[in-house]
Each structure stands twice: as structure tokens, then as C-alpha cells.
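Just so it is clear, the structure is predicted and the values come from calculations on it, not from any experiment.
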Amino acid sequence: MLISNEIKVIAFDADDTLWVNLPLFYALEEEYIELMRPYVSEKEARDALFQTEVGNMEIYGYGVKPFVLSVIETAIRLSNNRIKPQAIERVIQLGKNILEAPIELLPGVKECLDYFLATNYRLVLATKGDALDQERKLKDSGLSRYFEHVEVMSDKQTSNYLDLFKKLKIEPQNFFMIGNSLKSDVLPVVNLGGEAIHIPFHSTWEYESADENQDTIKAYNSLFEFLECLNR
């Protein structure tokens, strides 16, 4: 049985589970790398940016705006304040382009949501990021009608999921999570006694990588594949 009889809530991650997100960040990162070539190597530029992002998470959280601020901070530091204002302006504009980008749904999303909407499960969106940005993306995606509850979480650790369970008035064993990140979507839920499946995106942000024996984790190449298994 793919989903146990105790499950009451099916929760979906958003970015790179329901719609494309990470490639937009990569495009801005590549622009940053080009801007840094006169000052440092590509590896130094990438490593420094990642260190800045991680260091800023407790202050800024996750999302486009924290990423843009981390890019600007790193560029100023690595260039010893020599980077031109026009380059900073370019980074800011690219950040705005991400925030205004059209939503590209991933394969199988609507079919999977339609399937669960026809059941007795409660559907929840549980995602990280900037609340305003995630609300905009959800609205533009046309998927709002599927979810009885939307939770934009400051992080996805066990304590954050326990807070969500309290809001939903359920126990961990009543919760089933679907997401692209082992670290954020799968392992915390499984460790609490809930259920989860991994739908890997074609690339993973370094911060979301997890050293885990994936043989113990249920994984599917797409929501289509998961849906096919449910219908067998």
C-alpha cells in the first residue's frame, strides 16, 4: 500500500515540486559569476556566494529577495568595493525578473491534484520561502482551489512540521508529504512518524543535499509515475 489508512492530510511542497523554480536562480547565479570574473575564479565566486547564503539564512530566510541580497553582498566583498553600480542594478533587475516570471507547472501536477481532490484526503501546500512571492506564485499557478490550507514555513525542520500538525489538528502518522527535497520534505516527516515520497527535480540546490541511504526512501521520477503506481 503506497498510502496507509491512517493518512488524512496529503501535503505538497511548491518550488520544484509543483512548478519550476531553481533554474531561475541558476540563471542569476551565472550572471553573478560573469560579473566576478575580473576579481576571482569561478569556484571562489560560487563558494563565497553559497557561504554568504547560508550565513544569511537566519536573518533573511529563503527566497528570491534573500538570494539577491546575498549576491550583492558577495559581489561587493569579492570585488573589494570595485564592482560598478550598473552591475548591482543588473542583479536587482534579474531578481525582479524571477519574481515576475510566469509559472511553469511540472508534468503530472494537475492530474495528481485532481486525483487527490476526488478522494477524502485534505490537501495542504507546505513550502518554504517568502510569503508574498509564494502567494503570488500559487495564485498565478491556478492551483489555489486544490488546497484547504497553505503554510509558508520559515524552515522545514521537525519543529516546523510539529507546529503545522498542531494547526491541522492531526498526528504525525496522519500526514503524507510529497516534495523534491530529501532534507526538507522527506526526512523530517519520516523521522516524526509520518509518510513521505521523494519526487527529485533534475537539479538540487547544494543546501538541500542530504547524505542518506535513498534505498529506504520511496522515490518516483515524476508525479505521473507516482499516480500510475497509485492506480495499479
Peer 1: Do the non-hydrogen side-chain atoms of V150 and L138 ever get within less than 4.5 Å of each other?
Peer 2: yes

Peer 1: If you measure from CG on L28 to CZ on R90, what distance do you get to the nearest 0.5 Å?
Peer 2: 9.0 Å

Peer 1: Check whether Q134 reaches the backbone of K128 with its side chain - one donor and one acceptor, N or O, closer than 3.5 Å.
Peer 2: yes

Peer 1: Work out which heavy atom in S184 is nearest to a heavy atom in P188; give both atom names and the distance.
Peer 2: O-CG, 3.8 Å

Peer 1: Kindly say whether N160 contributes a backbone atom to a donor-acceptor pair with the side chain of D163 at under 3.5 angstrom?
Peer 2: no

Peer 1: Indicate if L113 and F224 have the same hydrophobic cluster label, given that clusters are the connected sets of ILVMFWY residues with side-chain heavy-atom separations under 4.5 angstrom.
Peer 2: no

Peer 1: Quick one: pull up OG1 in T74 and CG in L35 and give me the separation to the nearest 0.5 Å.
Peer 2: 12.0 Å

Peer 1: Got F165 and L192 here, is their nearest side-chain heavy-atom distance under 4.5 Å?
Peer 2: yes

Peer 1: What distance do H198 atom NE2 and D185 atom CG have between them, rounded to the nearest 0.5 Å?
Peer 2: 7.5 Å

Peer 1: Could you walk me through whether K65 and Y60 pass side-chain contact (heavy atoms from CB on, under 4.5 Å), step by step?
Peer 2: CA-CA 8 Å; K65 286 174 274 188; Y60 297 148; over 6 Å; no

Peer 1: Look at the side chain of Y32 and the backbone N and O of A45, then say whether any donor-acceptor pair between them is shorter than 3.5 Å.
Peer 2: yes

Peer 1: For the backbone of E6 and the side chain of N174, can you confirm whether one donor and one acceptor N or O come within less than 3.5 Å of each other?
Peer 2: yes

Peer 1: Do F147 and L164 belong to the same hydrophobic cluster, where Ile, Leu, Val, Met, Phe, Trp and Tyr are linked whenever their side-chain heavy atoms lie under 4.5 Å apart, directly or via other members?
Peer 2: no

Peer 1: Going by heavy atoms in the side chains, are F12 and L143 under 4.5 Å from each other?
Peer 2: no

Peer 1: If we only count heavy atoms from C-beta on, is the Y62 to D155 side-chain gap below 4.5 Å?
Peer 2: yes

Peer 1: Count the heavy atoms of every other residue, nucleotide or ligand shown that sit under 6.0 Å from CD of E104, and state whether that count exceeds 12.
Peer 2: no

Peer 1: Less than 4.5 Å apart, any side-chain heavy atom of L24 and any of V64?
Peer 2: no

Peer 1: State, to 0.1 Å, how close I33 and R46 come at their nearest heavy-atom pair, and which atoms those are.
Peer 2: CD1-CG, 3.5 Å

Peer 1: Out of curiosity, K137 NZ to L18 CG, how far, rounded to the nearest 0.5 Å?
Peer 2: 10.5 Å

Peer 1: What closest approach, in Å, do G61 and P66 show between heavy atoms, and which atom pair accounts for it?
Peer 2: O-CB, 3.7 Å

Peer 1: For E195, is there any backbone N or O sitting under 3.5 Å from a side-chain donor or acceptor partner on K218?
Peer 2: no

Peer 1: Rounded to the nearest 0.5 Å, what's the gap from NZ on K156 to OH on Y161? Could you check?
Peer 2: 4.5 Å

Peer 1: Output, in order, the C-alpha distance, side-chain angles, deciding distance and verdict of side-chain contact (heavy atoms from CB on, under 4.5 Å) for F67 and L49.
Peer 2: CA-CA 9 Å; F67 182 62; L49 176 57; 4.0 Å; yes

Peer 1: Would the distance check show the side chain of T17 and the main-chain N or O of A14 forming a donor-acceptor pair, the cut-off being under 3.5 Å?
Peer 2: no

Peer 1: Over all heavy atoms of both residues, which pair between S79 and A75 is shortest? Give the atoms and the distance, please.
Peer 2: OG-O, 2.8 Å

Peer 1: Would you check if N81 and I76 make a side-chain contact, meaning some heavy-atom pair closer than 4.5 Å?
Peer 2: yes

Peer 1: Which of these, L125, D114, V109, sits in a side chain to side chain contact (heavy atoms under 4.5 Å, CB included) with Y146?
Peer 2: D114

Peer 1: Might you work through the side-chain contact (heavy atoms from CB on, under 4.5 Å) test for L106 and L223, ending with a clear yes or no?
Peer 2: CA-CA 9 Å; L106 288 165; L223 286 171; 6.0 Å; no

Peer 1: Which of parallel (below 30°), tilted (30 to 60°) and perpendicular (above 60°) describes F226 and F176?
Peer 2: parallel

Peer 1: Indicate yes or no for a side-chain donor-acceptor contact from N21 to the backbone of D16 under 3.5 Å, with no hydrogens or angles considered.
Peer 2: no

Peer 1: For a 4.5 angstrom cut-off between non-hydrogen side-chain atoms, does V91 reach V68?
Peer 2: yes

Peer 1: Do you know the tightest heavy-atom contact between V152 and G129?
Peer 2: CG1-O, 3.3 Å

Peer 1: Treating Ile, Leu, Val, Met, Phe, Trp and Tyr as nodes and any side-chain heavy-atom pair under 4.5 angstrom as an edge, say whether I88 and F25 lie in one connected cluster.
Peer 2: yes

Peer 1: Please determine whether residues V71 and I92 belong to a single hydrophobic cluster, defined as Ile, Leu, Val, Met, Phe, Trp and Tyr linked transitively by side-chain heavy-atom distances below 4.5 Å.
Peer 2: yes

Peer 1: Side chains of N97 and Q93: donor-acceptor distance under 3.5 Å anywhere?
Peer 2: yes

Peer 1: Using the rule that two of Ile, Leu, Val, Met, Phe, Trp, Tyr join whenever any of their side-chain heavy atoms come within less than 4.5 Å, decide whether I199 and L123 are in one cluster.
Peer 2: yes

Peer 1: When rounded to the nearest 0.5 angstrom, what is the spacing between OG1 in T52 and CG in L78?
Peer 2: 7.5 Å

Peer 1: With distance as the sole test, does R122 use its side chain to make a donor-acceptor pair with the main-chain N or O of L168 at under 3.5 Å?
Peer 2: yes

Peer 1: Taking side chain as C-beta onward, heavy atoms only, is R136 less than 4.5 Å from I103?
Peer 2: yes

Peer 1: Between L2 and I197, does the side-chain contact (heavy atoms from CB on, under 4.5 Å) criterion hold? Intermediate values first, please.
Peer 2: CA-CA 9 Å; L2 293 179; I197 62 166; over 6 Å; no

Peer 1: Would you say D130's side chain and L132's backbone share a donor-acceptor pair under 3.5 angstrom?
Peer 2: yes

